[in-house]
Amino acid sequence: MYDDTEISREIANRFNLDRRDFLKFCAAMAATMGLPKGADAQIAQAMTAKERPSVIWLHFQECTGCTESMLRAEHPTIEKLILEIISLDYHETLFAAAGHQVEAAREAAMKKNWGKYVLVIEGAIPVKDNGIYCKVGGKTALQLTKECAEGAAAVIAIGSCASWGGMPSTPPNPTGSTGVPEILVGKPVVTIPGCPPNPYNFLSTVVHFLTFGALPAVDDKGRPKFAYSRLIHENCERRAHFDAGRFALEFGDEGHRKGYCLYKLGCKGPETYANCPAILFNDVGSGSWPVGTGHPCIGCTEKGIGFAKPIHALAELQNQRPPVGYPRVVEEQGAGASIGAIATVAAVGGLAIGAGAKLVGNLGKSEDGQDSGKQG
Amino acid sequence: MADPLSPADQTRIRELVSVFARIGEERMKDLGLYNPALQVEAVGFRQWQGWLAGILVTPWFMNFMLLPGPDTENLAGVEPGSRRRIDLPKGQVVFVVGEVEEVGPYLSHSIHSPMGQFSDHAGASTTAWAAVGPYFQEPGEEPQSGCGFGWGVNKGP
């Protein structure tokens, strides 16, 4: 058992949080990832550990949207948690220093933490013409990726670009943009696709690594199963309209205004695996995801769909693989600690429409807003 | 043991099947997400705490459904897409409120959709019959002898 007073002091000093809220967060995180009982204590211990893992964060062909969405999350604690539980030794967007000074810092951090640091890559890697289309400090993205991956304990590709090439790889893909897994063949890479990806999915992955020293279980595309095992369509708030055959036929028509299914406008929900409808974005309550605001899903988490298939093109009845995750039997519910919002990640197990939302006072809105209180 | 359904309840289930069969013919048939190898079938319906509960298989979804009764929450006027958490013997299940003409409002919980993974109706039907019983069992409990009321494929309409 860990020393509780020690943890309380750590939490108060570093996270500026109430101990109770912090432990609630840990419990919610554990639920999120479908971890067994007792894992929350392990998570609490890992997150308050003195030694924070060194993280090297590389940016290549991207828009910095992944970093932006994480740091601008409505929930102020996410950024704080991320920056407090890891030691960010190199991040081009967040570093105050510049130029060769930063590159030197990166090399020093790698040397000091060789074999132990976490490498996060944001953005695609161009491989055409020996990768000359993206350079940082005179080195190509290709060189940097290989160099930094060599001493990394874990590699996380954040965003669709790093996951398989994403937007920069849109045909005709002039620079030969490629994802991290294709470059680092033979090295396990966890991908967190999305444009932007949900910060909670990234945070859960990091917490899993901190706690267990290993990355979470992933599917055949390297995506954590806890977040990408169910189709958007299966958790969609417009699903009842699909079942009943009610569709919006064009933007702004009656069906669109009534919240009907967006399939005929090109929604890729039926062929895209992600937990967006269950955990939503930015903790602002119901509807805060593309389909919730009336736009069809573009399939940004799915290689071969997002940035490949036109936005208006219809989803197809492919021979879907059987779902990686079946509906969870008992959905976890937490009580409303504001920090628990983060834990919405919970929804992960899939099915849990709104289960995540239940974990959090703040996010509770997403269910209440949809009139679900009574039996909730 | 699942009690046999009353004639009135059986009529409701038959209507559920015919309404969704009609929706299939009129609105879904031409869509890419419609699996023409499948049919509409009601699987394992029974009375459970006032709800009429079972699985509905269609060429475009397989849902666990609860149709309201006089003693359950009256779903009239509830916005489709609203959510409900119901404690079934199996555990807590999250449902979405749906509504179709004639049948009225109901609760549904997605098991599969789209249905591309089933190459024939027998496969989908078998999956549904196997899935329905456990919703009414505590984890570890022995399967019940009654399997509920089915309608749609082998019995008419």
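Atoms considered below: every heavy atom in the structure, side chains included; atoms not considered: hydrogens, waters and symmetry mates. We name chains A, B, ... by the order of the sequence lines, and we start the count at 1 in each one.
If you measure heavy-atom distances from B:Glu26 to chain A, you find no contacts under 4.5 Å at all. At a 4.5 Å heavy-atom cutoff, the contact between A:Tyr263 and chain B is made by side-chain atoms alone.
Along residues 32-39 of chain B, the residues that come nearer than 4.5 angstrom to chain A, judged on non-hydrogen atoms, are B:Gly32, B:Leu33, B:Tyr34, B:Asn35 in order of number.
Side-chain contact between B:Ser113 and A:Arg239 is present, with at least one heavy-atom pair separated by less than 4.5 Å. Between A:Asn235 and B:Ser110 there is no side-chain heavy-atom pair separated by less than 4.5 Å. Under the 4.5 Å side-chain criterion, counting only non-hydrogen atoms from C-beta, A:His241 is not in contact with B:Glu99.
Of all heavy-atom pairs spanning A:Asp243 and B:Ile23, the tightest one is O-CG2, 4.4 Å. A:Glu234 and B:His112 make their closest contact through OE1-CA, 4.1 Å (heavy atoms, listed as atom of the first residue, atom of the second, distance). For the residue pair A:Ala240 and B:Val96, the shortest heavy atom distance occurs at CB-CG1, 4.3 Å. For A:Pro270 against B:Pro114, the heavy-atom pair with the smallest separation is O-CD, 3.7 Å.
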From CA spacing to verdict: side-chain contact (heavy atoms from CB on, under 4.5 Å), B:Leu31, A:Lys264:
CA-CA 9 Å; B:Leu31 302 189; A:Lys264 290 188 176 178; 3.4 Å; yes

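Annotation: salt bridge (Lys or Arg N to Asp or Glu O under 4.0 Å) contacts of B:Glu25 (sequence neighbours excluded): B:Lys29.
Proximity of a side-chain donor or acceptor of B:Arg27 to a complementary backbone N or O of A:Ala244 within less than 3.5 Å is detected.
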Per-pair distances, 0.1 Å, donor-acceptor, side chain in residues 248-256 of chain A, under 3.5 Å, sequence neighbours excluded:
from	atom 1	to	atom 2	distance (Å)
A:Asp253	OD1	A:Gly255	N	3.2
A:Asp253	OD1	A:His256	N	2.7
A:Asp253	OD2	A:Leu249	N	2.8
A:Asp253	OD2	A:Glu250	N	3.0
A:Glu254	OE2	A:Lys258	NZ	2.7
A:His256	ND1	A:Gly252	N	2.9
A:His256	NE2	A:Gly294	O	2.8

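Between chain A and the residues B:Val19, B:Asn63, B:Thr58, the most heavy-atom pairs under 4.5 angstrom are made by B:Asn63.
Among pairs with a residue in residues 4-25 of chain B, those fulfilling ring pair (Phe, Tyr, Trp, His ring centres under 6.0 Å) read B:Phe20-B:Phe61, at least two apart in sequence or across chains.
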